[in-house]
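Here the structure is laid out as structure tokens; the discussion comes afterwards.
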Amino acid sequence: MERSMLLLLLVVNWGLISGRVVKVPSGPLYRIVGTPVSIPCNVSDYQGPAEQNFDWSVTRANKHVGIVSTLEPEFSDPEYKEKIQKKEIWVERVNDYSVELHFKSAKFEDDGRYQCQTPSTDENSSGNYDDSVFLQVIPDGLSVSPRKSRSTVPVTYLEGKPLELQCVARTTSSVSTHLSVTWQLKANSNKSENLLSFTKDRWIQPGDLYKERYQNGDIRMGFETNGLFKLIITSLRPEDEGVYSCVAAEWVKEDGFNWKLIQEKTADIAVIEVQQLAQTLNVSAIGQKLTLNKGDEIDLICNVTGVEDTLTVEVSWYFSASAAMHPPSDKILVSLNRAAVVSGTDFVTLTKISSSEYRLRVQQIDETDSGYYYCTASVWVPYSSESWHKAAEGTSHPIGVNVDILDPTYTVQLKSIKVPSSPGESAELECRVLDLQNADDTKLTVAWYVSPKQLIGTSEVTVPVATMDPDWTLQLYGEYVERAEKGEIIFMKSELHTFKFQMQQALPSDRGKYFCNVTAQIKQRGNTWLKKQEVSSLAIDIDWKTEDPSLSIAAIEEKPVSTRGNTFEMICRVSAEHVEVPHYSVAIAMNEPTFMDTQHSKKLISLTRDSVVKLERWDDKDRSEDVVLEKVGDDEFRFRLYRTQFSDEGSYYCIVQAWAPDTNGQWSEIVTNSSNTVVVTFKTAAPQFNVTLQSEKPHVFQGETMEMTCAVDLSDIPNNSDVLYEVEWFVTQQFSNDTSERPLLLIDQRSVVTHMKANSDISVERISMHEFRLRLHCSEKTVAGDYFCKVTPWVKSETGTWQKMPPQRSDSLSVRIDVSVLDSFKMPLIYGIGVAILIGILACAIGYCSSRYCCGERITPRYEQHRLISMATD
Ligand SMILES: *[C@@H]1O[C@H](CO)[C@@H](O)[C@H](O)[C@H]1NC(C)=O
Ligand SMILES: *[C@@H]1O[C@H](CO)[C@@H](O)[C@H](O)[C@H]1NC(C)=O
Ligand SMILES: *[C@@H]1O[C@H](CO)[C@@H](O)[C@H](O)[C@H]1NC(C)=O
Ligand SMILES: *[C@@H]1O[C@H](CO)[C@@H](O)[C@H](O)[C@H]1NC(C)=O
Ligand SMILES: *[C@@H]1O[C@H](CO)[C@@H](O)[C@H](O)[C@H]1NC(C)=O
Ligand SMILES: *[C@@H]1O[C@H](CO)[C@@H](O)[C@H](O)[C@H]1NC(C)=O
Ligand SMILES: *[C@@H]1O[C@H](CO)[C@@H](O)[C@H](O)[C@H]1NC(C)=O
Ligand SMILES: *[C@@H]1O[C@H](CO)[C@@H](O)[C@H](O)[C@H]1NC(C)=O
Ligand SMILES: *[C@@H]1O[C@H](CO)[C@@H](O)[C@H](O)[C@H]1NC(C)=O
Ligand SMILES: CC(=O)N[C@H]1CO[C@H](CO)[C@@H](O)[C@@H]1O
């Protein structure tokens with residue numbers, strides 16, 4: 001059945017077509033040198049076997065040669081045999097009735113007319129058995145490259161930013177070929193996608209995935225005459241990441257209407273990375289938790305970063321009653337839309353103050369504005385002239401705002417401008433309000449208080465001096481009313497927040513602690529004042545001393561002396577307190593180094609209040625010129641000691657008495673005081689010497705003579721030096737209540753003896769060069785005690801002057817007086833009258849003798865006749 005149908009068809013065709021048809025493209029075929037070329041050939045409407053054979057031959061330079069045959073190997077011209085062997089040229093059977101002649105790589109010498117012929121298998125020859133086409137090999141004139149040198153380093157663009165890439169593609173072919181340029185994107189490992197093509201027909205064709213973006217104008221191509229092809233993406237999307245390349249293709253029109261691609265070249269133009277806005281966008285609210293007063297203004301800033309200026313940002317400020325944020329459902333306060341239109345009110349405004357900052361201001365706030373404020377920002381990227389894409393969205397953290405009525409705050413400082421130090425002086429205090437805050441509608445008033453000085457033990461009371469009403473009228477209290485009327489007391493508001501209080505003449509009763517209280521009051525409805533705050537200052541004590549007069553004296557060493565022979569100079573500076581118009585009398589006293597206690601100090605020189613100089617115990621007649629005391633200022637006195645000697649070593653000080661005329665016009669001593677001491681020591685120490693006091697018999701019986709020897713050991717001084725001694729004896733007696741040392745006797749360097757105690761049976765004699773003996777004649781029990789001697793040597797120096805040396809004292813020698821046998825007889829009368837009489841006679845006889853011996857027949861001291869000075873100390 002089928003068979004008969006086919007046969008029928010063939011019969012029908014037979015009638016219509018007049019025989020075999022062999023076809024090659026009509027050509028001419030333009031091909032690029034070096035590219036592979038194939039020429040198809042087919043046959044139809046033939047009879048005979050289905051599989052047909054083909055012979056390819058070429059006519060070049062008027063020479064016709066066989067190339068290749070599917071049937072006969074010998075068909076090939078020797079030239080082509082070789083090429084066939086080298087596989088430079090071959091014939092490929094496509095199917096029974098078509099083949100292709102292939103050139104591995106076209107060469108210019110391949111130009112020629114190629115003929116395809118089929119040996120006949122037909123019963124009757126009919127139709128054509130060959131066809132030919134002209135092949136022309138043309139030079140390669142196609143080039144494609146980036147505009148600038150290509151970089152393999154990825155370039156990062158922010159999402160939404162425009163991108164423009166440039167590619168230069170040209171062909172210099174002599175024949176009329178057409179050029180097409182295609183932009184391709186290879187994203188990651190995906191295959192390359194065509195973005196946009198400039199086709200051989202000179203129109204623009206978007207790739208399949210990019211049709212919509214092309215229609216929206218988001219992706220465009222631009223051209224310039226010199227073969228510059230641009231790819232323009234208006235706003236980059238995350239998926240636009242990848243390697244961009246430019247494909248240039250050369251086309252030629254064949255058979256009159258078919259386009260044939262004859263060459264294609266590709267150049268990578270750029271590697272693009274797109275940074276997503278969702279990753280860069282950062283929305284933050286600038287500010288910290290706020291506590292604001294009612295009526296204040298909320299001023300917050302939304303900081304939107306990570307977005308290019310050119311992008312469209314929508315910003316909204318939200319309000320939430322709690323710290324949890326729910327942007328869509330929370331109350332939107334104000335927003336700035338894509339068209340930069342702000343949906344504010346008179347009180348709520350949003351302003352873009354910089355490229356990233358959006359400022360929210362809410363004015364005249366009240367308690368209902370307490371809550372949390374946050375902002376959101378959305379970045380919109382245009383996807384077409386109508387459609388927008390929300391590329392990213394961010395929300396800031398919330399900022400808590402607390403609206404409250406705040407109490408005014410401030411501190412009060414009381415400053416003393418003038419504090420009187422005695423009655424009659426003026427006083428001035430200043431009460432100053434500092435660090436004032438939240439006081440816009442408040443009025444500040446001051447109140448002055450005093451806690452008068454009380455006697456010790458009585459409790460302190462505070463009394464008002466003056467208070468101020470809210471209308472600033474002053475209310476005075478007690479005695480201050482009259483004093484203010486007389487102008488003795490003045491209150492002032494010297495500056496906006498400074499109050500002053502002045503007293504022209506302070507009275508003794510004005511002594512006390514003063515302070516000020518500053519009150520802040522706010523006006524309420526109905527013109528009443530509400531006290532919001534009262535702050536007290538620290539107190540200032542107004543007081544002056546009424547104490548006893550006092551003197552303070554400073555002894556200042558003006559000219560220190562460290563070398564013997566130089567001048568020592570000391571200044572006594574006196575200052576008196578609570579002494580009116582003082583007159584001073586001054587004395588200079590000195591303690592010898594070994595006798596540091598004041599008891600042994602001696603006044604050297606003095607100056608009366610009338611400036612009369614008097615030598616006191618300056619017992620060195622040769623040196624009366626060496627000591628000077630003079631007044632050098634109202635309260636300054638200068639003491640000088642010239643030609644200092646070893647004996648001048650010691651500590652010096654001033655004794656000052658302040659005098660003032662009393663009510664009767666008499667001078668009376670007000671106060672006495674002494675200064676610190678100034679020590680004089682020499683660098684070279686005085687020669688050392690020892691003093692010893694010895695007695696062969698320190699214990700004697702009553703009535704016996706006690707002897708003790710004061711010996712000087714002057715080993716530091718050459719034997720042949722002239723030495724004089726001043727020797728003094730002292731005693732300390734325990735049995736008396738007065739245990740102090742008592743001077744007994746002095747023998748000076750001129751051997752003048754001075755008895756310190758009248759009527760004492762004491763004598764002294766020089767028994768050798770360096771030894772002095774003291775005798776206590778007719779010892780009574782009362783002479784018992786501790787004795788010591790003090791020696792001041794005078795040494796004649798090489799220059800012939802006498803040097804007084806610091807004195808030395810001996811150890812003390814304990815002297816005991818025992819009751820004698822005779823005394824023991826005196827005591828008990830209980831042995832009977834007889835015995836008593838006998839003893840009485842005896843005692844009387846002995847007592848008489850003793851008395852005569854001791855008291856009548858005194859040993860007259862050898863030196864007594866030379867006595868020049870007699871001094872009794874007590
Ligand atoms: C035969 O070749 C010609 C020219 O190349 C072509 O146009 C035609 O379509 C081909 N026919 C078949 C059946 O292959
Ligand atoms: C390749 O591209 C397709 C379509 O654009 C995408 O769905 C796929 O995820 C891509 N694959 C890779 C590996 O990028
Ligand atoms: C966002 O901005 C805030 C404030 O400037 C900053 O502390 C934060 O680190 C930023 N976050 C990012 C992811 O950049
Ligand atoms: C805004 O945020 C950016 C980054 O988050 C930060 O560098 C900048 O300092 C912020 N601006 C202000 C005013 O805080
Ligand atoms: C002064 O103010 C303080 C509060 O700072 C208050 O305690 C004190 O009572 C006030 N003084 C007088 C006398 O009102
Ligand atoms: C004596 O002077 C001392 C020291 O300067 C001082 O402390 C003392 O108060 C003064 N005495 C009198 C009565 O002035
Ligand atoms: C004084 O006596 C002490 C001991 O008693 C002795 O060490 C010293 O050398 C003596 N000095 C002189 C100068 O004799
Ligand atoms: C001084 O005298 C003592 C004894 O009296 C003697 O030992 C010493 O040698 C004498 N020294 C001189 C320098 O004369
Ligand atoms: C010593 O002092 C005491 C009291 O101070 C007195 O009773 C006594 O008589 C005194 N003795 C002499 C010896 O003065
Ligand atoms: C099949 C076919 O058409 N054969 C024809 C070939 O030519 C001779 C002579 O012209 C015809 O007689 C045949 O019929």
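Atoms considered below: every heavy atom in the structure, side chains included; atoms not considered: hydrogens, waters and symmetry mates. When a ligand or atom number is given, it counts from 1 through the structure's own listing order.
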Which distance, rounded to the nearest 0.5 Å, do you find between the CD of Glu557 and the CG of Asn676?
10.5 Å

Can you list every pair where an N/O of ligand 5 is under 3.5 Å from an N/O on the protein?
| unit_1 | atom_1 | unit_2 | atom_2 | d |
| --- | --- | --- | --- | --- |
| ligand 5 | 2 (O) | Asn517 | OD1 | 3.3 |
| ligand 5 | 2 (O) | Asn517 | ND2 | 2.4 |
| ligand 5 | 5 (O) | Glu534 | O | 3.2 |
| ligand 5 | 5 (O) | Ser536 | N | 3.3 |
| ligand 5 | 11 (N) | Asn517 | ND2 | 2.8 |
| ligand 5 | 14 (O) | Tyr449 | OH | 3.4 |

Asn282 heavy atoms within 4.0 Å reach ligand 4 at atoms 5 (O)

Per-atom filter on ligand 4: closer than 4.0 angstrom to a heavy atom of Glu357 are 13 (C)

Closest approach of Gly306 to Leu277 (non-hydrogen atoms, all atoms of both residues)
O-CD2, 3.8 Å

For ring-ring contact (aromatic ring centres under 6.0 Å, His included), just list the numbers for Tyr652 and Phe568, CA-CA rounded to whole Å, side-chain angles, deciding distance to a tenth of an Å, and then say yes or no.
CA-CA 10 Å; Tyr652 290 77; Phe568 166 61; 5.1 Å; yes

Side chain of Asn591, backbone of Ser601: donor and acceptor closer than 3.5 Å?
yes

So do the side chains of Val283 and Thr395 get within less than 4.5 Å of each other, counting heavy atoms only?
no

Taking the side chain as every heavy atom from C-beta outward, state whether Trp448 and Asn517 have any atom pair closer than 4.5 Å.
no

Select one of side chain, backbone, both or neither to describe which atoms of Val671 lie under 4.0 Å from any atom of ligand 6, heavy atoms only.
side chain

Ile286 neighbourhood, listing ligand 4 atoms whose heavy-atom distance to it stays under 4.0 Å:
12 (C), 13 (C), 14 (O)

Indicate the atoms forming the closest heavy-atom contact of Tyr584 with Leu551, along with that distance.
CE2-CD2, 3.6 Å

Does His389 have its ring centroid less than 6.0 Å away from the ring centroid of Trp380?
no

Does Asn303, backbone or side chain, put an N or O under 3.5 Å from an N or O of ligand 4?
yes

What's the verdict on side chain to side chain donor-acceptor pair (under 3.5 Å) for Gln275 and Thr280, showing C-alpha distance, side-chain angles and the deciding distance?
CA-CA 8 Å; Gln275 175 138 47; Thr280 61; 5.9 Å; no

Taking distance alone, with no angle check, do Ser552 and ligand 6 share an N/O pair under 3.5 Å?
no

